[in-house]
Structures are given as structure tokens and as C-alpha cells.
Amino acid sequence: MPKKKLLDIFNATVYRDEKKVFDKLSLSIKCGESAAIIGPNGAGKSTLLKLLSREIHPTSKEGSFVKILGKQLPTLWDLRKKIGLISADLQAIFVPDISGLGVVVSGLHNSIGLFSHQEITESELKRGTKMLEYLGIQDLVNCRYRQMSTGQQRICLLGRALIHNPDHLILDEPTSGLDVRATYQYLKIIRELLCSGKTILLATHHINEIPPEIERVILIKEGKIFDDDKKEILFTNDKISEFFNIPLKISCLNGYYQVCSAKT
């Protein structure tokens, strides 16, 4: 039996505000198939992920579709139980005075904070505490969100995404704003999640931050799929130089690819 598809896009046209980002876009990603989506700023990476989270929608055209987990119109509640999302947009709008524990527990209510009308149970608080312990950030249990570093906020939001134990995670520029230490601490957790069987879609413009466990790479440029294949096929000097329009050299060390200028 063929694997169910996490994302199935055919001939889709997508606008953000008045700008056409994608025209006749087609792309398929199977459940269990993690992938890195690479592209320069403005290429369409975030828009693609917002299609998957249903934050934006394609224009209605006969013969075109965007299906998520096999459905064109899945309920948001159903999606949120099966797909965890972390993005800079979410990080920026979160309630500033919520505690680390509150950030994680808010994932059970699909909210950007905890509010007086919500009933928070002892069971939920225990689940949140266990998640903080799993991520090694139990010391943030009472820390206010606004007092955390960018990296601490990002890991708390990861806990929020994981509290439902979703099969799939969407990470939009997950290491943006993190220093080197925080970046690789974060990537260590992502690698553990990949090894545990989670499907992860990682959008970034940093090739060196793609975990070794992710084999498939989707290159997006100017709203089009430039190429889509395994890393070892796409990550060559010629292909990467063509993609970024600059002479580059690419190398691999311990499963991580590094890019540098081809000019001395």
C-alpha cells in the first residue's frame, strides 16, 4: 500500500496580499519523508509552509488542488493534533508574560498564551512539566517569555508543538537569531526527533543547518521548484553555484554540508 501524503499540491496558484508567489506549483511529500526546503529570502519557503498549516489558501481553479493528509479541507483542529508548527511569526506574537510552562501547555489549547476563560487542568500542567524535562529546560518553568533568550523561546515553542505528540513538525527558519551554541543544541533535539520517527519539514536558507538525517532537499527559487532530489545529488559545486548565482564550493563533514566561496 502506498504511503499517505502529508502534502499534495497540483497546479496551484498562490498569492500573499497582492503578490503572486506561486504559479502552477506542483509538489508531493509523503508521510514519513522528511525534507529541507532551501531558498533565498523571498523565494517562497514560508508561503509553502503556510499552505500546509492552512494559514493561506490557493486561488480556486478547476483541476488544481492542495491536499493535506489526503484532504483538501481538513479541519484546523485535526491538523493541529497531527502537525506541530514553529515559526518566527508565532514567536513574535506570543503573550510576553506567560511562563515557560504556560507556553508549552498553550499547545493543548491552540492559543498564543493562557487566558482566564481557559480551564487548565492538573493533568495538562503535568504533561507540560514532563515536556520541559524532556527538552532539558525545566529551569524555565516559571521564567517569563519576555525574559527568555531567543533560543529559550524557540525551545519552549518546540515543546508547545510537541505536547500533542504530532507525527509531523513544520519548522520555519528554526535557527534564525540563534547563536552557534543555541543553534546546535536545537539541532541536536531535531535530530533526536527525526531518529524517533517524526516527519520534519525544515525551511531554511542555511545549508549547513540541515541535519544529516534529512535526505531530501527541495530547492525553491523565485516562486518555482528549482530542483528536488537527494542531498548528494543536489549538493554539488555546479548545482549550488547555479542555484545561488555565485561561484560556490560545497563539502561534507560528519553529515553536515558546508558552503563557501569558490573564489580565493
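Reckoned from all heavy atoms, side chains included, excluding hydrogens, waters and symmetry mates.
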*Is there a salt bridge (charged side-chain N to carboxylate O under 4.0 Å, His left out) between Glu122 and Lys126 once you walk through the steps?*
CA-CA 6 Å; Glu122 191 65 30; Lys126 286 182 179 178; 5.4 Å; no

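- Here the shortest heavy-atom pairing between Asn208 and Gln258 reads CB-OE1, 3.6 Å.
- Using a 4.5 Å heavy-atom threshold, the side chains of Asp172 and Leu201 count as separate.
- Counting heavy atoms from C-beta on, the side chains of Lys5 and Ile29 never come closer than 4.5 Å.
- Counting only heavy atoms from C-beta outward, the side chains of Pro174 and Ile86 never approach each other to under 4.5 Å.
- Summarising the geometry, atom CG belonging to Leu90 is positioned 5.0 Å from atom CG belonging to Leu157; distances are rounded to the nearest 0.5 Å.
- The cluster map of Ile, Leu, Val, Met, Phe, Trp and Tyr, joined by side-chain heavy atoms under 4.5 Å apart, puts Tyr184 and Leu158 in different clusters.
- Residues Phe244 and Ile207 form a side-chain contact, since some pair of their non-hydrogen atoms from C-beta on lies under 4.5 Å apart.
- When all heavy atoms are compared, the tightest approach of Arg191 to Pro211 is CG-CB, 3.9 Å.
- A tilted orientation is assigned to the rings of Phe226 and Phe243, their planes being inclined by 30° to 60°.
- The shortest distance between side-chain heavy atoms of Asp227 and Lys221 does not fall below 4.5 Å.
- No more than 12 heavy-atom neighbours from other residues, nucleotides or ligands sit within 6.0 angstrom of CD on Glu222.
- Remark: Lys231 NZ is packed, more than 12 non-hydrogen atoms of other residues, nucleotides or ligands lying under 6.0 Å away.
- Rounding to the nearest 0.5 Å gives a distance of 6.0 Å between CG of Leu169 and CG of Leu193.
- With contacts defined as side-chain heavy-atom distances shorter than 4.5 Å, the pair Lys249/Asn237 qualifies.
- His205 and Glu173 share a donor-acceptor pair across their side chains, judged by distance under 3.5 Å alone.
- Heavy atoms from other residues, nucleotides or ligands lying under 6.0 Å from CG of Asn245 number more than 12.
- Contact of the Ser26 side chain with the Ile9 side chain is not registered, since no non-hydrogen atoms from C-beta on lie closer than 4.5 Å.
- Summarising the geometry of Arg160 relative to Ser106, their closest heavy-atom pair is NE-OG, 3.2 Å, with the distance given to 0.1 Å.
- Only one option out of Thr59, Asp23, Val21 pairs with Tyr15 in a side chain to side chain contact (heavy atoms under 4.5 Å, CB included); it is Thr59.
- In terms of heavy-atom proximity, Phe22 sits nearest to Gly44 at CZ-O, 3.3 Å.
- Between the CE atom of Met131 and the CD1 atom of Ile137 there is a distance of 9.5 Å, given to the nearest 0.5 Å.
- The two atoms that bring Leu6 and Thr199 nearest to each other are CD2-CG2, 4.2 Å, heavy atoms only.
- The line from CG of Leu135 to CD of Gln152 is 12.5 Å long, rounded to the nearest 0.5 Å.
- With hydrogens and angles disregarded, no donor-acceptor distance shorter than 3.5 Å links the side chain of Lys45 to the backbone of Ile37.
- More than 12 heavy atoms of other residues, nucleotides or ligands lie within 6.0 Å of NZ in Lys61, so this atom counts as buried by the packing criterion.
- A cation-pi contact, defined as under 6.0 Å to the ring centre and within 45° of the axis, links Lys67 to Phe65.
- Considering only heavy atoms from C-beta on, Ile155 stays 4.5 Å or farther from Met148 through its side chain.
- Shown here for Asn11 and Gly63, the closest heavy-atom pair between the two residues is CB-O, 4.5 Å.
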